[in-house]
Amino acid sequence: CFRAAIERAPDFAEAHNNLGRALEQLGQPDAAIAQYEKALGIRPDLGLTHFNIAMTRLKQGETGQAIEALRQALKVDPAFLDAYNVLAWLRATHPGEEFRDGEEAVRVAQALVRAARAPNAAYLDTLAAAYAEVGQFAAAVAAAEEALKRAGESSPPGWVGEARARMALYLEGKPYRDRALMGETRK
């Protein structure tokens, strides 16, 4: 379907992006990246495509490249809330010290909360993790408490328990490390 759209309109950047997503879902990350890059060659202002590259790179263990792609997504689309959230989370919680930057995490998470106007629990959880990374544990606990207040039935199963466990770390004066990112150690 996407290939047919590209054949009819090879300069339709969104079709390349959509084909990239399909290829990624089929377990073909390199082919997906190639399609994303074609999309950006046509329309470098597609924040979603930069974000898709970031998420694919992250899954491939290319954390440094993922961070750069997230920054690019925000450069071309300053209202892209998911890009703020993922970037701040990575910079605050990655187990690899070389990928953490607490100051950037706080800046990005604060910008996320401001841009969201009515931030959801996940965004506040990210802000809490960022504050903890820079040693602002009272602010981390306050943000975590607010996140828990806003968590509702829309929160993924198990999220509330995980958020409480993170808040317990902040109460002990410890930052959170997202072990799910443990494999993401290549530059």
Side-chain angles (χ1 to χ4, degrees), residues 47-48 50-187:
L48 178 60
H50 289 285
F51 183 79
N52 288 340
I53 287 173
M55 300 311 289
T56 303
R57 294 283 189 208
L58 190 59
K59 289 175 191 168
Q60 290 182 299
E62 298 168 352
T63 304
Q65 290 179 347
I67 289 168
E68 290 308 314
L70 289 165
R71 287 179 180 147
Q72 191 61 34
L74 290 170
K75 182 178 177 184
V76 300
D77 185 357
F80 198 152
L81 299 181
D82 286 342
Y84 281 104
N85 194 45
V86 173
L87 179 58
W89 185 259
L90 280 173
R91 299 303 265 170
T93 69
H94 199 286
E97 184 177 348
E98 67 273 26
F99 301 117
R100 287 194 312 275
D101 181 334
E103 296 299 326
E104 181 181 14
V106 168
R107 272 192 319 275
V108 173
Q110 286 174 335
L112 166 65
V113 169
R114 278 192 308 273
R117 295 192 192 109
N120 65 30
Y123 297 168
L124 291 164
D125 188 39
T126 297
L127 180 62
Y131 282 142
E133 177 58 22
V134 296
Q136 295 180 22
F137 294 106
V141 169
E145 287 173 340
E146 185 62 27
L148 286 166
K149 284 181 197 171
R150 293 188 189 201
E153 292 178 14
S154 64
S155 296
W159 185 89
V160 169
E162 293 168 5
R164 284 190 179 125
R166 286 188 287 276
M167 188 170 73
L169 287 173
Y170 309 151
L171 286 166
E172 295 174 9
K174 298 177 184 174
Y176 173 73
R177 297 292 171 253
D178 188 346
R179 300 291 175 220
L181 300 172
M182 191 63 119
E184 320 303 336
T185 56
R186 288 187 277 158
K187 304 277 181 189

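Numbers for residues simply follow the sequence, beginning at 1. Hydrogens, waters and symmetry mates are skipped; everything else that's a heavy atom, side chains included, is used.
- Annotation: the span from D125 atom CG to E146 atom CD amounts to 12.5 Å, rounded to 0.5 Å.
- Under the salt bridge (charged side-chain N to carboxylate O under 4.0 Å, His left out) criterion, R91 pairs with D101, E104, sequence neighbours left out.
- Of the possible donor and acceptor atoms, none in the side chain of Y123 sits under 3.5 Å from a partner among the backbone N and O of Y84.
- L70 places none of its side-chain heavy atoms less than 4.5 Å from the side chain of H50.
- With sequence neighbours excluded, the residues forming a salt bridge (charged side-chain N to carboxylate O under 4.0 Å, His left out) with E68 are R71, listed by chain and number.
- Scored by the salt bridge (charged side-chain N to carboxylate O under 4.0 Å, His left out) test, D82 finds no partners at all (sequence neighbours excluded).
- Residues satisfying the side chain to side chain donor-acceptor pair (under 3.5 Å) test with E145, not counting sequence neighbours, are none.
- By the side-chain contact (heavy atoms from CB on, under 4.5 Å) test, E172 is found to be paired with L169, K174, residues two or more places apart in sequence or in another chain being considered.
- At distances below 3.5 Å, not a single donor-acceptor pair connects side-chain atoms of S155 with backbone N or O atoms of A151.
- Contact of the P119 side chain with the R150 side chain is registered, since non-hydrogen atoms from C-beta on lie closer than 4.5 Å.
- Distance check: Q65 CD to T56 OG1 gives 11.5 Å after rounding to the nearest 0.5 Å.
- In this structure, L181 and P95 have side chains that are in contact, with non-hydrogen atoms separated by less than 4.5 Å.
- Taking all atoms of both residues into account, the shortest heavy-atom contact from A73 to G47 is CB-O, 3.6 Å.
- In plain terms, the two heavy atoms of I53 and A69 that are nearest each other are CG2-CB, 4.0 Å.
- Between atom CZ of residue F80 and atom CG of residue L87 there is a gap of 12.0 Å, rounded to the nearest 0.5 Å.
- The side-chain heavy atoms of L90 and F99, taken from C-beta on, include no pair separated by under 4.5 Å.
- Put simply, CD1 on I67 and CD on Q72 are 14.5 Å apart, with the number rounded to the nearest 0.5 Å.
- Looking only at side-chain heavy atoms (C-beta outward), T63 and L58 come within less than 4.5 Å of each other.
- Of all non-hydrogen atoms in M167 and L148, the two that sit nearest each other are CE-CD1, 3.9 Å.
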Under 3.5 Å, sequence neighbours excluded: what are the donor-acceptor pairs made by side chains of residues 131-139?
residue, atom, partner, partner atom, Å
Y131, OH, Q110, NE2, 3.1
E133, OE1, R177, NH1, 2.8
E133, OE1, R177, NH2, 2.8
E133, OE2, R100, NE, 3.3

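- Here the straight-line distance linking atom OG1 of T126 with atom CG of N85 works out to 3.5 Å at 0.5 Å rounding.
- Heavy-atom minimum distance, Y170 versus A128: CE1-CB, 3.8 Å.
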